[in-house]
Number of protein chains: 2
Amino acid sequence: MPERALPYRPHNHDACVSHALADARAICRTQNARLTPIRERVLELIWQSHKPLGAYDILAMLGTEGHNAAPPTVYRALDFLLQYGLVHRIASLNAFIGCTHAGEQHRGTFLICRQCSNVLELATPEVSKAIEQAAAAESFRLDDITLEVAGICPRCQGDASNA
Amino acid sequence: MPERALPYRPHNHDACVSHALADARAICRTQNARLTPIRERVLELIWQSHKPLGAYDILAMLGTEGHNAAPPTVYRALDFLLQYGLVHRIASLNAFIGCTHAGEQHRGTFLICRQCSNVLELATPEVSKAIEQAAAAESFRLDDITLEVAGICPRCQGDASNA
DNA sequence: GCAAAATTTGAAACATTATAACATTTGCAG
DNA sequence: CTGCAAATGTTATAATGTTTCAAATTTTGC
Ligand SMILES: [Zn+2]
Ligand SMILES: [Zn+2]
Ligand SMILES: [Zn+2]
Ligand SMILES: [Zn+2]
């Protein structure tokens, strides 16, 4: 059995964060996009864990660190991060999560644990292919896919104690 | 080339509606569920077209016909219809659409036209299979799939005039 | 039939998520 | 500098969804 994916095992999460930030800086540099302090801070907050964060959660976190922001501040930062593929929006949760494939051309599949909330993003070409074929069979021109899978992650399946 | 799916061609939509209502009555009868007047009316309103309807759209429609309902009335009816698989929620639109496979065991794939808003629901076993395999590969226990495809439907592709 | 229990509906308030509109500041080019 | 565009601040408001408790209706056991 292959090693479990990062969200499902203990790991040095600081490395996740710094990797994500480094990627973001690189991507913005090559695209001449401005990763301003607010935008970077929002991205960093989103990456505090592998659980998706609501816009108002982010707002509250900014609040506790003295930056008294209003909703548009956060939504604008999120729009920017979405635009450059640095975060994804989870429609079924109205929440946002850091993209683990930033820069790569991909369509994300999100495995969302109902118990611990951790989200694993998969890049699944076979799934995308199947969806593209299904759309093509109806002569539908596909622009975008929202694919969110709810269930129980391997770690929570193991837990007898449903804390 | 096979005939286009219903939402993409002129058709007798009254037949869609009466079919859906008949199915709903049958399903509720066999499940000992009460398809009360409000619930049936909400289902009928949702089926007025193949475009998804927001909860507050439904609320407004009920309002114009004299039934002055409050939000919980609509949401409760929708919860009931969702529970018995008579409608689906489109997470990416915060809207609801009648299920075209009510009673059948299925996981819906929704093709959503960005231009005309019409939605086609597909039952795509190959896609479901691929998703189930991807989840299984991560030892993730799959409970539910949200699969929504945004794009342009064949009819709108044909339109030169983007009305 | 009839009373108790369960389900459904009504109504008001509230919570959460997201956007509109306009003023101000900041970064940058000429 | 100066002027323009992009980004941020600020206030208000829109859109979506839930909680709570009371009243009405339907079902069930007798
Ligand atoms: Zn991590
Ligand atoms: Zn991604
Ligand atoms: Zn129809
Ligand atoms: Zn369906």
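Note on naming: letters A, B, ... go to the chains in the order of the sequence lines (proteins, then strands), and numbering restarts at 1 for each one.
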- Item | Distance in angstrom units between B:Asn68 CG and C:dT9 P, rounded | 17 Å
- Message: What is the separation between atom CG on A:Leu59 and atom P on D:dT10, rounded to the nearest whole Å?
- Response: 13 Å
- Message: Please check this pair: side chain of B:His106 against backbone of B:Ala123, looking for a donor-acceptor N/O pair closer than 3.5 Å.
- Response: no
- Integer-rounded Å distance: D:dT8 C1' and A:Leu62 CG: 13 Å
- Identify, residue by residue, the members of residues 69-90 of chain A with a heavy atom below 4.0 Å from DNA chain D, and return them in order of residue number, or none. A:Ala70, A:Pro72, A:Thr73, A:Arg76
- On the 0 to 90° scale, with breaks at 30° and 60°, tag the B:Trp47-B:His50 ring pair as parallel, tilted or perpendicular. perpendicular
- Side chains of A:Ser92 and B:Thr146: is there a donor and an acceptor less than 3.5 Å apart? no
- Message: It should be established whether B:Asn94 places a side-chain nitrogen or oxygen under 4.0 Å from OP1 or OP2 of nucleotide D:dG17.
- Response: yes
- Note on the structure: In short, the helix from C:dG1-D:dC30 to C:dG30-D:dC1 is bent end to end, axes from five pairs each side, to 10°, by 30°
- Item | Aromatic stack A:Tyr56/C:dT16: centroid gap under 5.5 Å, interplanar angle under 30° | no
- Under 6.0 Å between the ring centres of A:His13 and A:His19? no
- Does any donor atom in the side chain of B:Asn94 or B:Arg89 lie under 3.5 Å from an acceptor atom in the other side chain? yes
- Is B:Arg39 close enough and on-axis enough to B:Phe80, meaning under 6.0 Å and within 45°, for cation-pi? yes
- Task: Residues of residues 23-54 of chain B with any non-hydrogen atom less than 4.0 angstrom from an atom of DNA chain C: list those, numerically ordered, please.
- Result: B:Arg34, B:Thr36, B:Ile38, B:Arg39
- Item | Distance (rounded to the nearest 0.5 Å) between B:Cys28 SG and B:Leu43 CG | 8.5 Å
- Any A:His67 side-chain N or O less than 4.0 Å from OP1/OP2 of D:dT8: no
- Message: Just checking A:Phe110 against A:His88, ring centres under 6.0 Å apart?
- Response: yes
- Side chain of B:Ser49, backbone of B:Lys51: donor and acceptor closer than 3.5 Å? yes
- Which atom pair, heavy atoms only, marks the closest approach of A:Leu35 to A:Glu40? CD2-OE1, 3.7 Å
- Message: For the backbone of A:Thr100 and the side chain of A:Glu121, can you confirm whether one donor and one acceptor N or O come within less than 3.5 Å of each other?
- Response: yes
